Amino acid sequence: MKTEVLNIAQESRVKCLLEEKLEEQMQGTVEPYLAEICERGRMQVKKQDAVEGTDIAGEGKAEGLYYELYPQKESKGTIVICYGFTESCLKYHELIYYFYRQGYQVAVMDHRGHGKSVREVEDVTIVHIDLFSRYVKDLHCFVKTVVKPMTGEMPLYLYAHSMGGCIGAFYLEQYPDDFKKAVLNAPMLALNLGACPAWAARILCDLKVMKGSGKERLFTQSDFDPEEPFEESSASSEARHAYYKKLRTRDPDYHTCSASYYWGKEAINAGEFVISKGQAKKVKTPLLLFCAQQDHLVKASAQKKFISRIADGRFMLVQNVRHEIYRAPNEVLEPYLEEIFRFYEEEPHVAI
């Protein structure tokens with residue numbers, strides 16, 4: 001497998017917001033622009049798809065799965081964003097702005113347990129799921145019932161980050177014909193658990209689940225910190241970190257920050273399943289995987305193993321950035337976006 005390195009010296013068609021004026025430009029230009037074109041909705045979740053005992057439509061609780069659509073009459077296609085653990089549609093507004101301005105429709109959905117979507121537990125800071133495949137089924141339902149009617153005959157493209165990258169890879173294995181191209185950004189195919197081996201972490205989570213504590217917060221994680229320092233964040237742009245932190249602090253719906261034991265078990269299992277040879281070979285979609293050199297959350301070794309098993313896959317290293325490559329400084333973000341657009345727009349390779 002060949003490792004490509006992102007060329008940050010290449011010219012980019014995108015000129016990103018000035019980092020020193022990011023908040024001013026987001027509030028004065030980007031957010032009003034997106035608000036004018038955004039179509040918000042909710043995709044209802046069937047009772048049997050909920051965790052047993054969860055009140056899906058209880059008083060004061062979010063119903064269904066919240067989504068945002070950004071349609072335009074003349075487009076190159078639709079980019080579906082599948083984001084990461086504890087994130088939200090709101091966090092991707094800057095990226096949506098760049099995608100849309102380049103002629104793409106955009107569709108993004110809050111996963112269950114995230115943002116404005118239905119919660120599986122009372123504590124809004126905890127992300128809980130009993131089966132990782134629920135995320136995949138949710139995404140497929142969103143694509144089938146909401147996105148495809150908006151897209152018509154135009155192609156669909158996937159942009160999936162971190163946990164969303166694992167969901168996206170899982171999706172491509174289950175539904176290989178839906179997307180024309182796919183970008184996985186620092187996909188969570190194996191968690192970086194430090195000195196703790198995956199088998200030990202899984203046993204711990206299994207024991208907690210067996211004892212009826214599966215919905216509780218993982219002991220390694222903590223409550224929401226409104227003062228999260230930039231140095232401990234996954235962003236490489238301090239301005240982008242500061243802007244979303246301010247928005248997030250204002251609204252409890254965005255305070256998700258930690259996992260349940262159930263989620264931990266399912267995340268480990270899902271990664272191992274997705275990268276297995278029998279599963280990975282099912283991916284027929286041309287795929288570009290970005291790996292962040294300073295990523296301390298997920299393992300590059302699992303990403304490399306996965307991409308080596310893909311029929312049409314590229315592995316690109318982005319140097320000197322953390323996990324959230326889409327929140328890098330402009331000198332990296334602009335060529336990164338150019339690489340994505342070139343990949344989406346180039347003709348697929350034809351085997352001879």
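Remember, it's a predicted structure, so these values are computed and weren't measured experimentally.
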Practice item. Any chance you could lay out the side chain to side chain donor-acceptor pair (under 3.5 Å) test for Q72 and Q105, step after step, and finish with the verdict? Key: CA-CA 6 Å; Q72 50 183 313; Q105 300 187 125; over 6 Å; no

**Study point:** Test item: H128 side-chain N/O and A259 main-chain N/O as donor-acceptor pair under 3.5 Å
**Key:** no

Study note, to complete from the structure: Taking every heavy atom of S222 against every heavy atom of R217, the minimum-distance pair comes out as O-NH1, 3.5 Å

Review point. Side chains of I307 and Q303: does their closest heavy-atom pair fall under 4.5 Å?
Key: no

Revision key, fill the gap. Rounded to the nearest 0.5 Å, the SG atom of C166 sits from the CZ atom of F306 at a distance of 9.0 Å

Review point. Just by modelled atom types, is the P71 backbone N or O under 3.5 Å from a matching donor or acceptor in the E39 side chain?
Key: no

Point to revise | K211 with E216: basic N within carboxylate O range, under 4.0 Å | key: no

Practice item. For the residue pair E68 and Y70, confirm or rule out a side-chain donor-acceptor distance under 3.5 Å. Key: yes

**Study point:** Main-chain N/O of N7 paired to Q10 side chain as donor or acceptor, under 3.5 Å
**Key:** yes

Check your understanding: Does F132 have its ring centroid less than 6.0 Å away from the ring centroid of Y135?
Key -> yes

**Study point:** Side-chain donor or acceptor of S12 paired with backbone N/O of V14 under 3.5 Å
**Key:** yes

Review point. Does the side chain of L139 reach to within under 4.5 Å of the side chain of C82, using non-hydrogen atoms?
Key: yes

Check your understanding: Which atom pair, heavy atoms only, marks the closest approach of A186 to D295?
Key -> CB-OD2, 3.6 Å

Review point. Quick one: CD on E272 to OG on S276, what's the gap to the nearest 0.5 Å?
Key: 9.5 Å

**Study point:** Pair R13 + E345: basic N to acidic O under 4.0 Å
**Key:** yes

Check your understanding: For the side chain of T151 and the backbone of V147, is there at least one donor-acceptor N/O pair under 3.5 Å apart?
Key -> yes

Point to revise | Side-chain heavy-atom pair V127, S258 within 4.5 angstrom cut-off | key: no

Check your understanding: Which word best sums up how the rings of F341 and Y104 line up, parallel for under 30°, tilted for 30 to 60°, or perpendicular for over 60°?
Key -> parallel

Check your understanding: Salt bridge or not for E23 and K246, using N-O below 4.0 Å?
Key -> yes

Review point. How close do V30 and H93 get, heavy atom to heavy atom, and via which atoms?
Key: CG1-O, 4.0 Å

Review point. Is R240 close to L333 at the side-chain level, that is, under 4.5 Å between some pair of heavy atoms?
Key: yes

Review point. Going hydrophobic residue to hydrophobic residue with side-chain gaps under 4.5 angstrom, can you get from F273 over to I275?
Key: yes

Practice item. Check whether F219 and W263 end up in the same hydrophobic cluster, where Ile, Leu, Val, Met, Phe, Trp and Tyr are linked by side-chain heavy atoms less than 4.5 Å apart. Key: no

Review point. Going by an N to O cut-off under 4.0 Å, is there a salt bridge joining R134 and D130?
Key: yes

Practice item. Using the side chain to side chain donor-acceptor pair (under 3.5 Å) rule, take D206 and Y261 through it: C-alpha gap first, then chi angles, then the decisive distance, then the call. Key: CA-CA 8 Å; D206 283 340; Y261 286 100; over 6 Å; no

Exercise for review: List the atom of V283, the atom of A169, and the distance in Å for their closest heavy-atom pair.
Suggested key: CG2-O, 4.5 Å

Check your understanding: Are V274 and V80 co-members of a hydrophobic cluster defined by side-chain heavy atoms under 4.5 Å apart?
Key -> yes

**Study point:** Test item: side-chain donor near acceptor, Y98 and E94, under 3.5 Å
**Key:** yes

Practice item. Check for a donor-acceptor pair, side chain of R119 on one end and backbone N or O of G115 on the other, with a separation under 3.5 Å. Key: yes

Point to revise | Sidechain-backbone polar pair: K180 side chain, T285 backbone, donor-acceptor under 3.5 Å | key: no

Review point. Can a salt bridge be assigned to the pair D253 and K116 using a cut-off of 4.0 Å between side-chain N and carboxylate O?
Key: yes

**Study point:** Close side-chain approach of M316 and L288, heavy atoms under 4.5 Å
**Key:** yes

Revision key, fill the gap. For A201 and L193, the nearest pair of non-hydrogen atoms, with its separation, is CB-CD1, 3.8 Å

Practice item. Return yes if some donor-acceptor pair links the side-chain N/O of H114 with the main-chain N/O of C89 below 3.5 Å, else return no. Key: no

Exercise for review: Take atom NZ of K305 as the centre, draw a 6.0 Å sphere, and report whether it contains more than 12 heavy atoms from other residues, nucleotides or ligands.
Suggested key: no

**Study point:** Under 3.5 Å: donor-acceptor pair, side chain of T256, backbone of I126
**Key:** no

Check your understanding: Any ion pair linking E324 and K91 (charged N to carboxylate O, less than 4.0 Å)?
Key -> yes

Review point. Side-chain contact, heavy-atom cut-off 4.5 Å: R309 with K281?
Key: no

Check your understanding: Is the H111 to F85 ring centre distance short of 6.0 Å?
Key -> no

Exercise for review: Check step by step if ring-ring contact (aromatic ring centres under 6.0 Å, His included) holds for Y326 and Y336.
Suggested key: CA-CA 8 Å; Y326 70 96; Y336 166 76; 8.2 Å; no

Point to revise | Evaluation steps, side chain to side chain donor-acceptor pair (under 3.5 Å), between Y97 and T29 | key: CA-CA 10 Å; Y97 178 73; T29 301; over 6 Å; no

Review point. How many angstroms lie between atom CD1 of I37 and atom OH of Y33, to the nearest 0.5 angstrom?
Key: 5.0 Å

Review point. Counting N and O atoms only, with roles assigned by atom type, does the side chain of Q25 sit under 3.5 Å from a partner on the main chain of L22, one being a donor and the other an acceptor?
Key: no

Check your understanding: Is there a donor in the side chain of Y100 and an acceptor in the side chain of S75, or the other way round, less than 3.5 Å apart?
Key -> no

**Study point:** Residue among V183, D312, L172 satisfying side-chain contact (heavy atoms from CB on, under 4.5 Å) with L287
**Key:** L172

Check your understanding: Would a 4.5 Å heavy-atom cut-off, applied to side chains only, mark Y254 and V124 as touching?
Key -> no

Practice item. Hey, can you tell me if Y159 and Y92 have their rings parallel, tilted or perpendicular (30° and 60° cut-offs)? Key: perpendicular

Check your understanding: Given the rule in the side chain to side chain donor-acceptor pair (under 3.5 Å) test, do R322 and S236 qualify, once you have shown the distances and angles that lead to the verdict?
Key -> CA-CA 6 Å; R322 302 174 190 169; S236 301; 4.7 Å; no

Review point. In terms of side-chain geometry, is the basic nitrogen of R314 or E339 positioned less than 4.0 Å from the acidic oxygen of its partner?
Key: yes

Exercise for review: Using a strict cut-off of less than 4.0 Å between a Lys/Arg side-chain nitrogen and an Asp/Glu carboxylate oxygen, indicate whether R42 and E63 qualify as a salt bridge.
Suggested key: no

Practice item. Identify whether the distance between the nearest side-chain nitrogen and carboxylate oxygen of D177 and K284 falls below 4.0 Å. Key: no

**Study point:** is_close_aromatic(Y344, Y157), centroid dist under 6.0 Å
**Key:** yes

Practice item. Indicate yes or no: does R112 engage E120 in a salt bridge with an N to O separation below 4.0 Å. Key: yes

Exercise for review: Could you pull out the closest heavy-atom pair between L289 and P187, with the gap in Å?
Suggested key: CD1-CG, 3.7 Å

